[in-house]
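Read the structure below first, then the notes.
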Amino acid sequence: MKRTLLSLSLAFALVPSLAQNKDYPIQPVPFTQVSVRDNFWLPKLRVNAEVTIPYTLAQCYRTGRIDNFLRAAGKLPADTITAFTFDDTDLYKLIEGASYSLQNKPNPKLAKTLDSLISVIAAAQEPDGYLYTFRTMKPKKQHDWVGSKRWEKEEDLSHELYNAGHLYEAAVAHYLATGKKNFLNIATKNADLLVKTFGWGKEEKFPGHQVVEMGLAKLYRVTGKKAYLDLAKFFLDLRGKEGHLNHEYSQAHKKVVDQHTAVGHAVRATYMYTGMADVAALTGDKAYLSAIDDIWHDAVEKKIYITGGIGATNNGEAFGGDFDLPNMTAYAETCASIANVYWNSRMFLLHGDGQYIDVLERILYNGLLSGVSLSGDKFFYPNPLASLGQHQRSSWFDCACCISNMSRFLPSMPGYVYAQNRNDLYVNLYVGSVSTIKLPVSKIKLTQETNYPWNGTIKLTVDPEQAANFAVKMRIPGWAQNKPIPGGLYQVMQSLKAKPVLLLNGKPVAYDIEKGYATVKRSWKKGDQLELQLPWEVTKVEARSEVAADQKRFALQMGPILYCLEGPDNKDSAVMNIVVNKNAPVQTVYNEQLLNGVMTIQMTGSATKRMENSDALQLTDQTVTAIPYYSWANRGPSEMEVWIPYDASAAKPKPAPSIASKSTVSSSVKNKRMFRALNDQYEPADSKDGSASYLHWWPKNNTEEWVQYDFDKEYTISESSVYWFDDGPWGGCRIPLEWKLYYKKGSEWIPVKNLSPYTITKDKFDTVKFEAVTTTALKLVVQLPKDNSTGIHEWSVK
Ligand SMILES: [Zn+2]
C-alpha cells in the first residue's frame, strides 16, 4: 500500500493533491520515475548519497545542532547554544535530502537513523506544536535574535517561521518517501499552531526569511487542508503593510503584487517568488503572476551572472543594482542558485516556456554545481567568478545553509528532466536515463542515451505500451540558438555554424521552435526513436556594455557548460595575466584523468608582464587551457577567472620587479592570502574597486595596525605611496584616521622625516616624500577609524 502511494506521488517538489483542483497546468515527472544512467550526474548523485549526506549528518552532531533539540527536550542541560537561530533547519534539510535519496536507493539503516532523529525532534516540540529549540531550551544566555516572546522578532531575525518552512518541506519529503507520518504529524501540529496564531486580526507578522510559504503549499497538497494555503497567502499579502519592518532586504518594502524588480537578500527573495508561484498556481491569483513575471525579467535581463548565480553583493547577501555584477567579489550564494532553480522550474510549470529551463540548466551545470567539491565534502558559500587564490572551499560554515541545501537538492535533480501536460510530454534536460511516464493515452518507457554535457547528440527511444497519439516536445536550448540567457544581458560573439537537427527513426524532421520546443506529434509505436543533434561548438560570449566588470573580455561556453581558466592548467599557475585574441581558434580535448573527466578547451594566448621603468607590456605566447567552471577549486587555492581579457588593458600583468614586489610582506592581518594585493602593481579603478585585490582589517576598528616590507637587500629610499581601500557607504572600510612610515635601523623602528604631509584621500594614491634613508625594511602603521575598518589596495616604495 505504501509503495503504491510512492510510485504515484509527484515527489520532487510538488506532491499529489488530495483535495484541490487547481495547480500547475504542467506537472513534473517525479524523480522517482527517472532512473539516471549516465557518466555525469550518476557519479554526482552517488557522491551526494555516500559522502555529502552522511558527512552533513556527522557535522550536525559534531556542531551541536542535534544537541539543540536534546536541550529543548530537557535531555541535556541548556548551558550553551549554537551560533544561529536557524540551525534547526540544517537537520530538517538533511532529513529531506536523505528521504529523497531513500527513494533513489533504499537504505534501511538510513531509514532507521531518520526515525530516531525524528523522535529527537518530536521530543523538542512543545505541547501546543511550537518548535524552535533556541526558545524552548531556555538557555542561560539567550541569543540576541530570539526576543522575549514567541514571534516578537519574527519580522527581523528570529527565523521561527523560516524553521517552520524547512520543517514542512522535509516532513512532506519524508512522508512521500516512506509513507510514514511520524515527521508529517510534527509538521502539521506546528502548522496548526501557526493557523491558530497568525492571520488578519490575529498575530499580523510576516516571515523575516521566506520559505514557509512554499512549505505550507506542500503541506496543503498532501493534507488538502486549505487553511495552510490561506496562511501562505496571508504571509505574502501582509508584506509592505505600514507599521512593519518595511525594508527591501526582506522584500517587505511594498506589497508583493506591487513589486516588479528583484531586490534585497537573494535567497529570501527567490524563495518568496517561488512561494508566490505556488500560491498563484493553487489559487489562480493573476496579480501574483504579473508581479513575478516582471521580477523574472528584471533578474535575468539585469542581475544574473553568466554562471547563473544571483545576488551580486555580500552586503546583505543581496541583489546588486542593474548590471552591477563584479566577478571577484561576486556573492552568488549556493542557496540562491538552488532557490533560483526552484523558481525557474515553477515559472516553466506555469507558462510551458523553455526559456525558464534555459536559465535552470545554466544554474544547474554551473553556479549551483560549483557549490560542492568533486569529493562531496567541501563547499562554497559564495561562488565568485574570479579569484587570486583567496577563495577556497570549506569543510563547514557556522552558517551551514548552503551545505544542507546542497545535500537536499541533488537527489531531486532527476525530477527536472521531464514534465507533462495531458498528452504533451516535455523533454527539458538531456540526461542519460530510463523513465516510465504515464500519459492519459498510454504508459510510456523513455530511454535517453547521450554523453551530454560533453556531446550534443541525444537519442530518445519512445516505447508506449500500445501505439498512441501524443506529442514529444524536445527542448531546443537557448544556447543552441545563440541566446546564452534569455533577454540579451549576454550575447555570442560569433553565431554557431550548425543548427539543431532532429531525426525521427533516422530521417530528418522539419520543425518549428515554439516556446523553445520542437514538437513531434504523431502516433508513436514501440521502438520509435528521436535523435536530436545540438550544435557542439565552443562559443565566445560577451556581456552588455553596461556590465563594467566584463568589458574587453569574453567567456567560453560549450553546450550548457561555462568555462574558466584556473592556475594548475596554465603556465606559472597564473591566469590573471592572460590575454586571448577574440578570434583565436579553440580546440577541445576530453581529459578522462582530469577532475573526474572533463572536456577542456585549449587556445593560444599571451601572458602579459610589466617591464621595469616603463609602462609598456611584454607579451609572450603560450597555450591557454580552460576547464568547466563547476570543477574549479578542487586542486587547492589558485588563480581563476571566467571572463578572459581579449584586450591587454583588461589583464592583470605580472608585476615588474620593484623594491615592493621583491619584498617579503608581513602584517597585523593574519590572512596571508591578502598580502599579495599590496605589491601586485595593479591600480584599482577607485578606492571601492572590489575586483582589484586589497588587504583589509575588517571587522576590526579603532585599532592601530601595520603592514611591513622586508626588502631583498638594502636600498636608499625617499618616497612611498599608498592607495586605500574604502567601500563606503555600504561596506565596513573607510580611509584611515592616520598613517605613518617607519624604517628599520638595527633592530629599531624609526619614523621617517617626511618632507610632504601624510595626506589621506580616496580614489587615488597618497604619496609621501621623506629624507632619504638606507634600510632593509619599511613599516606602514595605520590608525583605523573609530567605527570602521580600513584596507589597502597597493603600497609602493621608491
Ligand atoms: Zn546558503
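Just so you know, these numbers come straight off a predicted model, no measurement behind them. Ligands are counted one by one from 1 in listed order, and the atoms in each one are counted from 1 as well.
- Of the charged side-chain nitrogens involved, at least one lies within less than 4.0 Å of a carboxylate oxygen, so that R408 and E169 count as a salt-bridged pair.
- Geometric assessment of R150 against the ring of Y132 yields a negative cation-pi assignment under the 6.0 Å and 45° thresholds.
- For Y61 and Y55, the gap between ring centers reaches or exceeds 6.0 Å.
- Applying the side chain to side chain donor-acceptor pair (under 3.5 Å) test to T261 and every residue at least two apart in sequence or in another chain returns nothing.
- Applying the side chain to side chain donor-acceptor pair (under 3.5 Å) criterion to Y381, with sequence neighbours excluded, gives E317.
- Taking the side chain to side chain donor-acceptor pair (under 3.5 Å) definition, one finds that D358 meets it with R475, sequence neighbours left out.
- Protein N, O or S atom count below 2.8 Å of the Zn ion (ligand 1): the structure gives 4.
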